[in-house]
Amino acid sequence: IAKDRGMKAFSLLLCAFATQGTIQGRLKAVFERIQRPTHVNAKNSMAESQSQAPPREYEYIVIGSGAGGLSCGAMLAKEQNEVLVVEAHDRPGGCCHSFRRKTKEGTWDFEVGPSVLQSLGDEDSVNPLRMVLDELGETFDSIEYDGCGMWTEEGYWRYQLGPESAEGGVKDMLRQMSSNPQQAIKEYDELKDNLRLISKIHDACPLTSLRQDWGALLTTGIGMVPLMLKKPIAVMKELPKILDSFHTISDPIIKDTHLKRFIDILSYFSGFPANGTIGAAMIYCLQEFHKPQASLAIPVGGSPAIVDALVRALEKKGGELQLNAKVDEILVENGEAKGVRLKTGEVIRASKGVISGATVWDTVKMLRDEAGPKVENYRKEVMDNVPAFGSILHLFLGIDGDLPTAPNGKKLDPSQLIVRDWDRPLSDPQNVITISIPTLKDKSIAPKGKHIVHVYTAGTEPFELWKEVDGDKEAYDRLKEERLKILWEAVDRVLPGVKDRVELQVDGTPLTHAAFLHRHQGTYGPALKAGGKLFGFLPLPEIPLLLYDTPVKGLFRCGDSTFPGPGVPAAVASGAIVANTLTPWWRHVQKVFDQQPQTSTPKEKEIPRIPQRVSPSLSPRVSIPSSPVAPRIPNIVSAPQTGAAYSTVRMRDSPGSVRARRSK
């Protein structure tokens, strides 16, 4: 509108800036062009001063903001270390977050992280997520339920958590499904009796008491002393079973077909049936799942609630989180990890060490040959000899209206599991399918009157099939349509009639995982079976998963490709174990002492406990790209420009959250 010639020019300049980016950014670009030298031998004083600015430095840098990385970062920050967690994605959580879609009906938040969660209602729980959150002083809200539906060749049946003898419990399930119920119940009781001592050993050495150095003799020994004094020989005999394959415990006892299959299904959260699952995992499940307060749970708002709690813990202890910060190289100097170089070229230094929460394969890809022959051999060993689980195929659905009831006439549980063929291994592609319906409990994540249904395969989708069609859209779409048929069949079986009421569909494939999670082949994790012999020949079980150290001094690993394996509680435990290892042993010993249960007075026992609503995950976690909407991310440090100060975005804790606390 301006008639003045100068004002017209200025108005056009502002319009041009507005169409291409922020005015501030464009003015900066113009200013830098003005400063650009006009001769090849001239010096640019601004660029020179920026290049000479010292790199940022922290004591520890954690690569990846998954559950393991955030746990490790928060625990290290609690010990007054300067910690930076760098995340390649635009939001924290790694495999444990949700994505959002908007339609005319409203907003849909699809949870692609854990869909089968164990509640933490028991204050004496040894669940590592509960123990880590207790130590960090954080929690999140969740809604509980008590079982999940099972769909097998025999038909529909239900697994209910809580005491086995309760109405609808495990023993009622065996009476319904076993061909010889009395014998099956007898075998189950014998198995539980056989696990009594080893369960006490397991509880005496929770994952948060572990560390990867000689200090572990002290931190694990604190809880073991009373048992060792009472039954030293029996304890030493039982102890190796924790690391051995669980089938060495169960097979000599369990002969009933249905009970054996039930044990295999519970074991399969680890990626293997009983034959291949580390004993500690099943000892934990058979004990914790059947305590009086045991239940499953849906985090309010989805799995980001878990991530938000860990991010809050990281920041309030002084740690920082930088998003959109993909690491290109782990810097190694004289055989020691000294920092990282981001894709942008920025170098960030680490004075004490670097912890990679990436998979073992993606970690070695960040190491360069110049680091030395040890690194070259390490990379070759990992890439050639560490087997990987398959990936996961997803079908996310937005459904209009109510959902059908279960075959028993009752409401469906949020978690449903389908085993298509018992004659095939559970690990066969597309033989086991999971359906999660979180809106049966949490209606806040979908428009009113709608449901979210998440259908996925259990970490068995072959990456090789998808690698062949990468880059060929027509072939990719054909393969996706073919592979999704099994998932649609599962929907028709569990939710008959809803296919005609689908309002929104989002698919995810192994290529999606590889691209957006930066995971080698989109894998679920390392496929390392329990049951091997120590050093290949000693009559003791070897640890079936990868440990935390590497041939590079000062470089550690955490996350779902390290011990104790996949799952949010396991990943959180791995981060805590690395943080413990990097903490002076005497401090860790003090923490273990503080966590030991103390004898309560009779008066204290009369005080009723308030059920807690904090829930850890047990299932596969994956990520799907989201639509370009503002993510719900609390407590993050924005990626800084060179020489710029950080800015922090804070959000208040959700009202009404229940604070996790351990009984003293």
To the nearest 0.5 Å, atom CG of Leu393 lies from atom CG of Leu395 at 8.0 Å
Contacts of Ile242 meeting side-chain contact (heavy atoms from CB on, under 4.5 Å) (sequence neighbours excluded), chain-then-number -> Ile198, Ile201, Leu239, Ala280, Ile283
Can you tell me how the ring of Tyr548 sits relative to the ring of Phe563, calling it parallel under 30°, perpendicular over 60° and tilted otherwise? perpendicular
Crowding at NZ, Lys237 (>12 non-hydrogen neighbours, <6.0 Å): no
Polar contact flag, side-chain donor to acceptor under 3.5 angstrom, Ser415-Tyr145: yes
What's the shortest heavy-atom distance between Gly522 and Ser391, and which atoms? O-OG, 2.7 Å
Under the salt bridge (charged side-chain N to carboxylate O under 4.0 Å, His left out) test, which residues partner Lys591, sequence neighbours left out? Glu135
Please report the interatomic distance OG(Ser436) to CG(Leu417), rounded to the nearest 0.5 Å. 12.0 Å
Taking the side chain as everything from C-beta on, heavy atoms only, tell me whether Asn580 gets closer than 4.5 Å to Thr219. no
If you take all heavy atoms of Leu243 and Ala530, which pair is closest and at what distance? O-CB, 4.1 Å
Compare every heavy atom of Pro128 with every heavy atom of Val572, then report the nearest pair and how far apart it is. CG1-O, 4.2 Å
Let me confirm one number: the CG-CG distance from Leu133 to Leu310, rounded to the nearest 0.5 Å. 6.0 Å
Would you say Ser98's side chain and Glu111's backbone share a donor-acceptor pair under 3.5 angstrom? no
Are Arg175 and Asp172 within salt-bridge range, i.e. N to O under 4.0 Å? yes
Check whether any side-chain heavy atom of Ile445 sits under 4.5 Å from a side-chain heavy atom of Pro438, and report yes or no. yes
Side chain to side chain, Gln183 and Ser178, heavy atoms closer than 4.5 Å: no
Return yes if a side-chain donor-acceptor contact under 3.5 Å exists between Asp560 and Tyr524, otherwise no. no
Looking only at heavy atoms, what is the nearest atom pair of Met224 and Cys205, with distance? CG-SG, 3.3 Å
Please identify each residue that fulfils side-chain hydrogen bond (donor to acceptor under 3.5 Å, both in side chains) with Thr460, with sequence neighbours left out. none
Taking C-beta and beyond as the side chain, do Ser427 and Tyr268 meet within less than 4.5 Å on heavy atoms? yes
For Arg424, enumerate each residue passing the salt bridge (charged side-chain N to carboxylate O under 4.0 Å, His left out) test, keeping only those at least two apart in sequence or located in another chain. Asp428
Worked verdict on Leu191 versus Ile263 for side chain to side chain contact (heavy atoms under 4.5 Å, CB included): CA-CA 11 Å; Leu191 176 64; Ile263 295 295; 4.1 Å; yes
Can you tell if the side chain of Thr220 reaches within under 4.5 Å of the side chain of Leu210, non-hydrogen atoms only? yes
Please list, chain by chain and in numerical order, all residues satisfying side-chain contact (heavy atoms from CB on, under 4.5 Å) with Glu153, sequence neighbours excluded. Asp421, Trp422
State whether a side-chain donor-acceptor pair under 3.5 Å links Asp203 with Gln287. yes
For Glu154, give me all partners under salt bridge (charged side-chain N to carboxylate O under 4.0 Å, His left out), at least two apart in sequence or on another chain. Arg261
Give a yes or no on whether Ile233 atom CD1 has more than 12 heavy-atom contacts from other residues, nucleotides or ligands under 6.0 Å away. no
List the atom pairs, donor and acceptor, that lie under 3.5 Å between side-chain atoms in residues 405-414 and the rest of the protein, sequence neighbours left out.
| from | atom 1 | to | atom 2 | distance (Å) |
| --- | --- | --- | --- | --- |
| Asn408 | OD1 | Lys410 | N | 3.0 |
| Asp413 | OD1 | Arg158 | NH2 | 3.0 |
| Asp413 | OD2 | Arg158 | NE | 2.7 |

Using the side chain to side chain contact (heavy atoms under 4.5 Å, CB included) rule, take Arg420 and Glu489 through it: C-alpha gap first, then chi angles, then the decisive distance, then the call. CA-CA 11 Å; Arg420 300 178 63 234; Glu489 288 179 8; 4.1 Å; yes
Start with the C-alpha distance between Tyr156 and Gln416, add both sets of side-chain angles, then the distance that settles side chain to side chain contact (heavy atoms under 4.5 Å, CB included), and finish with yes or no. CA-CA 10 Å; Tyr156 170 83; Gln416 306 288 322; 4.0 Å; yes
Distance alone, cut at 3.5 Å: any donor-acceptor contact between the side chains of Asn127 and Gln118? yes
Mind jotting down which residue pairs meet the ring-ring contact (aromatic ring centres under 6.0 Å, His included) criterion with at least one end in residues 159-187? Sequence neighbours excluded, please. Tyr159-Phe262, Tyr159-His290
What do the steps show when you test Lys171 against Asp189 for side chain to side chain contact (heavy atoms under 4.5 Å, CB included), and what is the final call? CA-CA 10 Å; Lys171 293 184 179 180; Asp189 286 339; 3.0 Å; yes
Let me confirm one number: the CD-CG distance from Glu187 to Asn194, rounded to the nearest 0.5 Å. 13.0 Å
Minimal heavy-atom distance between Cys95 and Arg519, with the atoms involved, is SG-NH1, 3.5 Å
Who are the ring-ring contact (aromatic ring centres under 6.0 Å, His included) partners of Phe110, not counting sequence neighbours? Phe99, Phe396
Pairing residues for His258 by the ring-ring contact (aromatic ring centres under 6.0 Å, His included) criterion, not counting sequence neighbours: Trp157
Flag the pair Asp308 / Glu138 as yes when at least one side-chain heavy-atom distance between them is below 4.5 Å, and no otherwise. no
Taking atom CG as the centre, does Asp193 end up with more than 12 heavy-atom neighbours from other residues, nucleotides or ligands that are less than 6.0 angstrom away? yes
Which heavy atom of Glu461 sits nearest a heavy atom of Pro510, and at what distance? CG-CG, 3.6 Å
Check the angle between the aromatic planes of His513 and His394 and answer parallel, tilted or perpendicular using the 30° and 60° thresholds. tilted
Whether the side chain of Ser574 engages the backbone of Ala571 through a donor-acceptor N/O pair (distance < 3.5 Å, no angle test) should be reported. yes
Quick one: CG on Asp264 to CE on Met282, what's the gap to the nearest 0.5 Å? 8.5 Å
Thr434 versus Val455: any side-chain heavy-atom pair under 4.5 Å? no
Within the side chain of Thr523, is there an N or O that forms a donor-acceptor pair under 3.5 Å with the backbone of Phe389? yes
Is it true that, when you exclude Lys499 itself, more than 12 heavy atoms of the residues, nucleotides or ligands shown sit nearer than 6.0 Å to its NZ? yes
CD1-OG1 distance between Ile418 and Thr457, expressed to the nearest 0.5 angstrom: 11.5 Å
Could you list the residues that satisfy salt bridge (charged side-chain N to carboxylate O under 4.0 Å, His left out) with Asp251, not counting sequence neighbours? Lys260
Which residues pass the side-chain contact (heavy atoms from CB on, under 4.5 Å) test with Pro387, sequence neighbours left out? Ala527, Leu528
Should the heavy atoms of other residues, nucleotides or ligands under 6.0 Å from NZ of Lys192 be counted, would the total exceed 12? yes
If we only count heavy atoms from C-beta on, is the Thr439 to Lys450 side-chain gap below 4.5 Å? no
